[in-house]
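Here's the structure we're looking at; comments come further down.
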Amino acid sequence: MSAGDGSGRSGLVGKRARRGDLIRKVRGEVRYTDDIKLPRMLHARLVRCPHPHARIVSIDASRALADKNVIAVVTGRDMPRRFGIIPWTPDEYPLALENARFIGDAVAAVAALDERSADLATRAIDIQYEVLPAALDLDAAEQNPSIGLGATGKDNISKTVDLSFGDVDAALGASDVVLEGEYYFEGTAHAPIETHCAIGQYDGDGLLTVWSATQVPHYLHRELSRVLAISPARIRVIQPPVGGAFGGKSEPFALEFAAAKLAMVTGRPVKILYTREEEFYAHRGRHPMAMRYRVGAKSDGSLTAVDAKTRIDGGAYSSFGLVTTYYSGQLLTLPSFAPNYRFSSTRYFTNKPPCGPKRGHGSVQPRFAFESMLDRIAERVRVDPIELRRKNAVVEGQTVNGFRVTSNGYLECLARVEAASDWKNRRGKLGFGRGLGVASSAYISGTNYPIYPNEMPQSAVQLKVDRSGVVTVFNGASEIGQGTDTLLATLVADELGLDLAAVRVVSADTDLCPVDLGAYSSRGTFMNGNAAIAAARQVREKLVAAVAEKLGVHPKDVFVSQGSLCAVGREADAVPVTEAIQLAEARFGTLGATGWYKSPPKLGGDYRGGTIGASPAYSFTAHVAEVEVDAETGIVNVVKVWCAHDCGRALCPTLVDGQIEGSVYMGVAEALLEEHVIDHRGLHRGPNLLDYRIPTTLDVPDIVSILVESHDPEGPLGAKEAGEGPLHSSIPAVANAIYDAVGIRLDRLPFSPGRVLQALRKRAASASREGVAAEEEE
Amino acid sequence: MLPLPAFRLHRPRTLPEAVSMLHRFGSDARVIAGGTDIVPNMKQGLVDARSLVSLQHVEALFGVEATSDSLSIGAMTSLDAVAADPRVRAGAPALAEAAEGVGGPHHRRMGTLGGNLCLDTRCRYYNQTYFWRSALGFCLKKDGSVCHVVAGGQKCVAAASNDTAPALIALEASVELESVRGRRVLDAKSFFTADGIRNTVMEADEIVSRVVVPTRAGRTSGFDKLRRRNAIDFPLLSIAARVDRDGDAIAAVEVVVSALAARPRRMAAAQKIAPGTSPADIVGAITQAAKRECKPLDNIEGDAEWRHQMVPVVVGRLLSRVLGL
């Protein structure tokens, strides 16, 4: 039975409902990692390097250890093994071994009876550094290879990708219009409300348990084993509910290793909770990128070729950088694109907090650049920007770089935002200071290949069916606020006719749950959903068989409705689900099932790197933003955003709305407000939530979420992702709306009032010089 | 999270008890009112106090009293109470608007008028953790000897960031201080100094007990604040304006601009306005002078050049509103 067939069974799927943990969250009953307090627990703090690049000459902890409240200190020498989320680029030590590579890099950890003593002890550990030359931006990293931050020590390069599809030069040569643009993005942070937190416990039986606010318990399990040199059989990782992650918790971090090691050294549980400042040093935020684009088109608006050159500022370590470098080019080829494409992306190391994946990994920055270019092309060839996107839509089959598209609601997304915003009557007609802009994007529903090569399932679910009528779903997925627990409960309850309250979800505990690779790359709904349905259907078949036997009908005549199983024409004899479970348990023995998801073999292009960006399905998004620009202050107010998102099928529509609203919130914040700046000293410009400004509830636009359902043939009941896609094109939609409002093109994020004002003045100056309205091009 | 340093909390019930405690503890003690400023500052290692004297239980310091020509506001009155008080809204709108613009709802519920008046000056090189400041090499205001805002600067230029200060100066308010030596009353305009390390004339053992705001017929006022977000942010500029009318004619104008350096700046151009000047000319003259008189420094996280450009814009808009243009 393919997962894509038909609708849900008993009416829960597709229905608006509260998320399962809502009331507990609102009442403060959800227990996050920091809420866990164990007997005899110690509190630890990391000691961080105050130089952007330095060799550690010596570490002397004797002053700290003289305090009777201080129990233990560990340093890099206690864990001298490298780790890294990508198996080919392990370049981090839990605590720096020889060199510290940015201000805030962890070099030691100290455990004490209480948090204050641990904090004071960090100042009593005497560390001698030899300060080394540092690269603090892309230009410095490119121009000073001798700093030697790269793997060979001879350059600062993290990864280079050059890929070419079709004949770009010939196509550009034959184009009627070729436009060039340069764009810059300085970087943003995830800013989750819950900062990273981990607890290590090492018991008398030699079992290491680590609780962590992570998105990837399975990878953490593997890396703990590798770095601490303990068998995975002696490690248990538990991920409590996470208070926001957005990609910032999707790899192992110093605190998890340090808490584990200190627990092993002291024999007592050890907790580490990052401060807000440390959250900014752990970072893995969106990469700064300097992007150069050349885009060609025919005079009718059909795109001919795209030529992109991108420099990526990776910060101090590799993190997911290999993937980021590919994604900066690979994920651009949907939804409207050209038949010829070339991109060259280089990721550099710099002495700054390491960058990594943030919601829309690697592709949000290029999307801003490219969709801004499309708006310029549309203006130049005098085609409506929505029409231009329609004309160049990649609707079926393969992308130029060889990705398979199985379902595509893109054109409907465009039509829906066009209608909802009254685009045809309002764009270009709102008067100076107010405008509309459009942009569109696509994103993966999970990566087709696991991070470490293997043939095993990427996601799995075990069901325990109790004769009381309670079904427990064990799954390795990470509930990070996106709602996977609610989704899995909904799918299982729907298949079995159960009330949602009768389904328990136990997730992200490596002792209890089958492996799931984690909450990243928007894989949850697609992969966990398919696994859950596969498991639930096995149980369902047994319930149906048992009920058919009781009623003396053929199993194919039995159907599941809410609360009971019935036979066609025998509705009066409906068997309650609990009774059906008992009948089935009597008939087949103890009930349970496993279900799993494995992605299709051999997806992606037939070239080196052709699998990176390959996904079993792609989501599609279109945004229209309406802005007001105050030409006297330069302040941009995003009044309203319409976002249509093709999520395949909205299994839990309220959750999809939430993802769209959260994505637009985050995108608009990156467009207007957020900027992660490391200054010329290597110092973070303000690692706190006063200086790094995220929007308050008063700063969020009206958001209209529009659900488009294209029914993916391989998605669970047709579903695809919704967690990251709806962010991408929100940023260029705002940029294009600013152009419609006041006629300026902004090529650097965020669109802060100072930059807007400067661009307005430049435009006014050139207009008065020429005595005519400034032409956008030439 | 960032741990709070250990301290002893004292909770006097009366004003005499409070001032005698402060006097006894000397420089080891600080006053805590709502705690919205001093608590985060203590976490960042900016305050070396072993004792905190809380005024939370000194009843005499709470509440607004109105007479025919003034409002007397207890220093412990919360900012949201000040903002919501109909007598303040009617008689001293600049103060109500300033109080309403502070932080977010939680800050205004906890934060007090006296506390806001005594808010420590702020700087991007100062309001950071001990680790961050150690990586910087510390600064003139705390633990160091170098100013990072003004190269070679010998004077701290941290920004007065209390929104109610420019409002109270513009409104010609007076501030009552209590100590073991008794009470003294100061004009709000002479309460602040240009020293960013400590920008008030208060002695270490003094407490702000009340603020008295004169009200009178023919007076209008208003407040506005430049910020990137619509809540939480400290001001990038905070501006208060007062206009006194004598019949239909304008008798006096005051404009006070803050979040520049340590002392709120009273605009000279406003004080030079001759009685009887037309509203349009007033806006023109003061707006024209605003950029020259008020020069924001790079002491706050934000674009100093943009803040400078915004002085005349915000001043102009506020004056137009207060003048009813």
Side-chain angles (χ1 to χ4, degrees), chain A residues 34 43 45 47-52 103-104 114-120 122-123 195 197 273-278 280-281 630 632-635 637 669 672-673 677 679 681-700 750 752-758 761, chain B residues 1-7 37 40 42-45 101 103-107 122-138 148 161 224 226-234 236-237 287 296 298 300-314 316-317:
Chain A
D34 186 43
H43 296 265
R45 269 272 196 272
V47 183
R48 295 180 179 275
C49 176
H51 307 290
I103 293 180
D114 60 87
E115 219 174 358
R116 184 184 300 131
S117 301
D119 189 52
L120 288 173
T122 61
R123 298 181 206 173
T195 59
C197 186
L273 170 67
Y274 277 176
T275 62
R276 178 55 60 186
E277 179 185 23
E278 290 180 291
F280 282 103
Y281 297 149
D630 183 331
E632 257 192 308
T633 61
I635 292 173
N637 176 28
L672 298 186
L673 210 51
V677 183
D679 75 9
R681 307 170 186 86
L683 256 184
H684 194 292
R685 183 137 176 151
N688 59 70
L689 293 182
L690 267 177
D691 293 329
Y692 184 87
R693 298 183 179 102
I694 59 175
T696 73
T697 49
L698 298 178
D699 305 301
V700 183
S752 59
R755 285 181 191 142
V756 170
L757 207 56
Q758 199 179 14
R761 288 180 178 182
Chain B
M1 70 184 94
L2 269 183
L4 198 54
F7 60 88
D37 188 40
M42 288 176 81
K43 286 184 166 190
Q44 295 187 322
H106 309 80
H107 303 106
R122 299 187 63 84
C123 178
R124 33 182 302 244
Y125 297 106
Y126 169 70
N127 295 100
Q128 303 290 352
T129 65
Y130 183 87
F131 170 77
W132 192 97
R133 291 182 296 116
S134 74
L136 172 73
F138 299 106
H148 302 278
S161 302
D224 202 0
L226 185 71
R227 52 182 163 185
R228 292 293 305 280
R229 299 183 290 185
N230 290 304
I232 309 292
D233 286 351
F234 282 99
L236 297 174
L237 287 175
T287 304
D298 190 26
I300 300 175
E301 172 59 30
D303 178 345
E305 173 56 30
W306 176 67
R307 285 164 61 216
H308 194 195
Q309 291 168 355
M310 287 307 99
V311 178
V313 177
V314 183
R317 288 180 179 184

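Below, read A as the first sequence line, B as the second, and so on, with proteins coming before strands; counting in each chain starts at 1. Keep in mind the model is a prediction, meaning the values are calculated, not measured.
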Taking only residues two or more places apart in sequence or in another chain, which ones pass side-chain hydrogen bond (donor to acceptor under 3.5 Å, both in side chains) with A:Asp699?
->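 Residues passing side-chain hydrogen bond (donor to acceptor under 3.5 Å, both in side chains) with A:Asp699: A:Thr696, B:Asn230.
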
Could you pull out all residues at least two apart from A:Arg116 that satisfy side-chain hydrogen bond (donor to acceptor under 3.5 Å, both in side chains)?
-> none

Top of [options] for chain B proximity - count of heavy-atom pairs under 4.5 angstrom:
options                                : result
A:Val677, A:Ile103, A:Ile694, A:Thr122 : A:Ile694
A:Leu698, A:Asp691, A:Asp119, A:Leu683 : A:Leu683
A:Tyr692, A:Tyr274, A:Tyr281           : A:Tyr281
A:Pro753, A:Gly686, A:Cys49, A:Gly754  : A:Pro753
A:Gln758, A:His684, A:Arg276, A:His51  : A:His684
A:Arg45, A:Arg123, A:His43             : A:Arg123

Can you tell which of B:Asn127, B:Leu2, B:Val314, B:Leu226 has the highest number of heavy-atom pairs within less than 4.5 Å of chain A?
->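 Among B:Asn127, B:Leu2, B:Val314, B:Leu226, the one with the most close pairs to chain A is B:Leu2.
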
Residue among B:Arg229, B:Arg228, B:Gln128 with most heavy-atom pairs under 4.5 Å to chain A |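 It is B:Arg229.
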
Is [X] in contact with chain B via its backbone, its side chain, both, or neither, using a 4.5 Å heavy-atom distance?
X        : answer
A:Leu673 : both
A:Pro687 : both
A:Arg693 : both
A:Thr697 : neither
A:Leu120 : neither

Contact list (residues 304-312 of chain B to chain A, heavy-atom gap under 4.5 Å, by number) returns B:Trp306, B:Gln309, B:Met310

Measuring heavy-atom distances to chain A, does B:Arg133 have an atom under 4.5 Å in its side chain, in its backbone, in both, or in neither?
->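 Contact with chain A is absent: no heavy atom of B:Arg133 under 4.5 Å.
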
If one checks every heavy atom of B:Arg124 against chain A at 4.5 Å, the contacting part turns out to be side chain

Rounded distance [0.5 Å steps], CG in A:Asp679 versus NE2 in B:His148 =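 Those atoms lie 10.5 Å apart.
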
Would you please name every residue forming a side chain to side chain contact (heavy atoms under 4.5 Å, CB included) with B:Arg317, sequence neighbours left out?
-> A:Asp630, A:Glu632, A:Thr633, B:Val313

Distance-minimising heavy-atom pair for [X] and [Y]:
X        : Y       : answer
B:Ala135 : A:Pro50 : CB-O, 3.6 Å
B:Phe131 : A:Arg48 : CE1-O, 3.1 Å
A:Glu115 : B:Pro3  : O-CG, 4.1 Å

Decide yes or no for B:Glu301 and A:Leu690: does some side-chain heavy atom of the first lie under 4.5 Å from some side-chain heavy atom of the second?
-> no

Salt bridge between A:Arg685 and B:Asp298, side-chain N to carboxylate O under 4.0 Å?
-> yes

